[in-house]
Q: 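The structure is given below, and queries will be raised subsequently.
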Amino acid sequence: MKIAIGCDPNAQEAKEELIRFMEAKKYGEITDFGSEDPIYANTAIKVAEAVASKEYDRGILICGTGLGVSIAANKVKGAYAALLSDVYSAKRARLSNDANIACMGAFTIGNKLREELVDAFLTNEFVPGCSSQPKVDAFVQYDVEHSK
């Protein structure tokens, strides 16, 4: 699995800890898209474009709350970013919604929970043809119909 990760300067420490965690768990190839840009939207859009183009399988974004990066990432056609704060939602983001980007807060949740969220997000897969398929198809179709 190829994973793109990025954050704003406030979340650099959280990002570095997650990278170490993912490397230890051998989740795959991890590319750091940086944390220097104070405009979190710039990093979020770069990660979202990389995931939406299918160059990367999944993305992880972190800012103070996770809200800003999730809003910015979801502006990119084909990027489906979910703000994660509990393990059940992290699993459902993949299983029910086929989300391809996980967003989290550096100030709102601790390191252990971030690790649990990433684990749930990276180890669960959407099952094509499941009962959630029509729901996912609806927002994917919207992307197709409203692309420029």
Side-chain angles (χ1 to χ4, degrees), residues 1-23 25 27-109 111 113-128 130 132-133 135-144 146-148:
M1 180 182 313
K2 290 181 69 177
I3 303 162
I5 188 169
C7 67
D8 70 1
N10 293 320
Q12 182 167 339
E13 184 178 321
K15 179 192 69 176
E16 290 171 358
E17 289 182 18
L18 270 183
I19 290 172
R20 285 191 293 275
F21 169 77
M22 290 186 294
E23 288 173 342
K25 296 283 261 181
Y27 283 126
E29 179 184 327
I30 301 158
T31 301
D32 185 349
F33 278 64
S35 57
E36 297 77 29
D37 194 334
I39 307 300
Y40 58 73
N42 295 331
T43 303
I45 289 168
K46 287 177 187 171
V47 167
E49 288 175 339
V51 173
S53 73
K54 303 204 183 303
E55 180 182 351
Y56 289 85
D57 302 301
R58 305 269 173 81
I60 298 171
L61 291 167
I62 313 165
C63 68
T65 62
L67 292 165
V69 290
S70 66
I71 292 168
N74 278 317
K75 298 297 182 187
V76 175
K77 179 183 161 243
Y80 305 111
L83 177 61
L84 306 179
S85 60
D86 64 90
V87 174
Y88 179 75
S89 295
K91 288 179 183 177
R92 298 319 306 178
R94 290 292 308 137
L95 294 171
S96 298
N97 299 287
D98 202 16
N100 53 14
I101 300 172
C103 300
M104 293 169 277
F107 301 155
T108 56
I109 57 177
N111 293 330
L113 179 54
R114 268 192 300 277
E115 290 174 358
E116 292 172 359
L117 297 175
V118 166
D119 185 61
F121 187 75
L122 295 178
T123 60
N124 283 283
E125 293 295 334
F126 182 73
V127 178
C130 69
S132 295
Q133 186 73 59
K135 300 167 198 170
V136 172
D137 289 347
F139 62 73
V140 171
Q141 185 61 36
Y142 182 89
D143 260 0
V144 170
H146 293 89
S147 64
K148 293 180 180 180

Q: Scan for side chain to side chain donor-acceptor pair (under 3.5 Å) pairs involving residues 4-13, sequence neighbours excluded, and state none if there are none.
A: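 The answer is Q12-E16, Q12-S35.
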Q: If we ignore hydrogens and angles and just use 3.5 Å, is the side chain of T43 paired with the main-chain N or O of Y40 as donor and acceptor?
A: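 Judged by distance alone, no pair lies under 3.5 Å.
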Q: Distance from L18 atom CG to E115 atom CD, nearest 0.5 Å?
A: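 Reported value, rounded in 0.5 Å steps: 6.5 Å.
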Q: Test your reading of the model: is there a side-chain donor-acceptor pair from N100 to the backbone of G78, 3.5 Å cut-off?
A: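 Side chain of N100 to backbone of G78, a donor-acceptor pair under 3.5 Å: yes, one is there.
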Q: Calculate, to the nearest 0.5 Å, the distance between atoms OG and CG belonging to S85 and L113 respectively.
A: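 Reported to 0.5 Å precision, the distance equals 7.5 Å.
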Q: Taking R58 first and then E125, would you say they form a salt bridge - that is, a charged N and a carboxylate O separated by under 4.0 Å?
A: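 Here R58 pairs with E125 in a salt bridge, since their nearest N and O are under 4.0 Å apart.
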Q: If we only count heavy atoms from C-beta on, is the L61 to C63 side-chain gap below 4.5 Å?
A: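 No, every pair of side-chain atoms sits at 4.5 Å or beyond.
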Q: Output yes when a side-chain donor or acceptor of N97 lies under 3.5 Å from a complementary backbone atom of A99, and no otherwise.
A: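 No.
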Q: Can you check whether I5 reaches M22 side chain to side chain, under 4.5 Å on heavy atoms?
A: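 Yes, side chains in contact.
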Q: Which atoms form the tightest heavy-atom contact between L117 and L84, and what is the distance?
A: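 L117 and L84 have their closest heavy atoms at CD1-O, 3.8 Å.
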Q: Are the aromatic ring centres of F126 and Y80 under 6.0 angstrom apart?
A: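 Not close enough - the centres of the two rings lie 6.0 Å or further apart.
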Q: Mind checking salt bridge (Lys or Arg N to Asp or Glu O under 4.0 Å) for R92 and listing every partner two or more places apart, or none if nothing turns up?
A: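 By the salt bridge (Lys or Arg N to Asp or Glu O under 4.0 Å) rule, R92 matches no residue at all.
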Q: When rounded to the nearest 0.5 angstrom, what is the spacing between NZ in K15 and CD1 in I60?
A: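 CD1 of I60 is found 11.5 Å from NZ of K15.
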Q: Which pair of non-hydrogen atoms, one from A79 and one from I101, has the smallest distance, and what is that distance?
A: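 In terms of heavy atoms, the two residues are closest at CB-CD1, 3.9 Å.
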Q: How long is the straight-line distance from NZ of K54 back to NZ of K2, given to the nearest 0.5 Å?
A: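 If we round to the nearest 0.5 Å, K2:NZ and K54:NZ are 13.5 Å apart.
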Q: Is the shortest heavy-atom distance from the side chain of V69 to the side chain of L83 under 4.5 Å?
A: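 Contact flag for V69/L83 side chains = no.
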Q: NZ of K91 to CD of E116: how many Å apart, nearest 0.5 Å?
A: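 With rounding to 0.5 Å, NZ (K91) is 10.0 Å from CD (E116).
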Q: Whether the side chain of R94 engages the backbone of T123 through a donor-acceptor N/O pair (distance < 3.5 Å, no angle test) should be reported.
A: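 No; judged by distance alone, with no hydrogens or angles, the pair does not exist.
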Q: Identify the two heavy atoms, one from F121 and one from G59, that lie closest to each other, and give their separation to 0.1 Å.
A: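 Shortest heavy-atom separation between F121 and G59 comes out as CE2-O, 4.0 Å.
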Q: Write down the atom of V76, the atom of A52, and the distance for their closest heavy-atom approach.
A: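 Heavy-atom minimum between the residues: CG1-CB, 4.0 Å.
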Q: So, for D37 and I39, which heavy atoms are closest and what is the spacing to 0.1 Å?
A: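 Scanning both residues completely, I find the closest heavy atoms to be OD1-N, 2.8 Å.
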Q: Please name all residues satisfying salt bridge (Lys or Arg N to Asp or Glu O under 4.0 Å) with D143, sequence neighbours left out, ordered by chain then number.
A: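 If we apply the salt bridge (Lys or Arg N to Asp or Glu O under 4.0 Å) test to D143, skipping adjacent residues, there are no hits.
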Q: Output the distance between atom CZ (F33) and atom CD1 (I45), rounded to the nearest 0.5 Å.
A: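 Nearest 0.5 Å value for the CZ-CD1 distance: 13.0 Å.
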Q: Which atom pair, heavy atoms only, marks the closest approach of P9 to P38?
A: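 Closest heavy-atom pair between P9 and P38: CD-CA, 3.7 Å.
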Q: Would you say the side chains of Y27 and D119 form a donor-acceptor pair under 3.5 Å?
A: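 Present: a donor and an acceptor within the cut-off.
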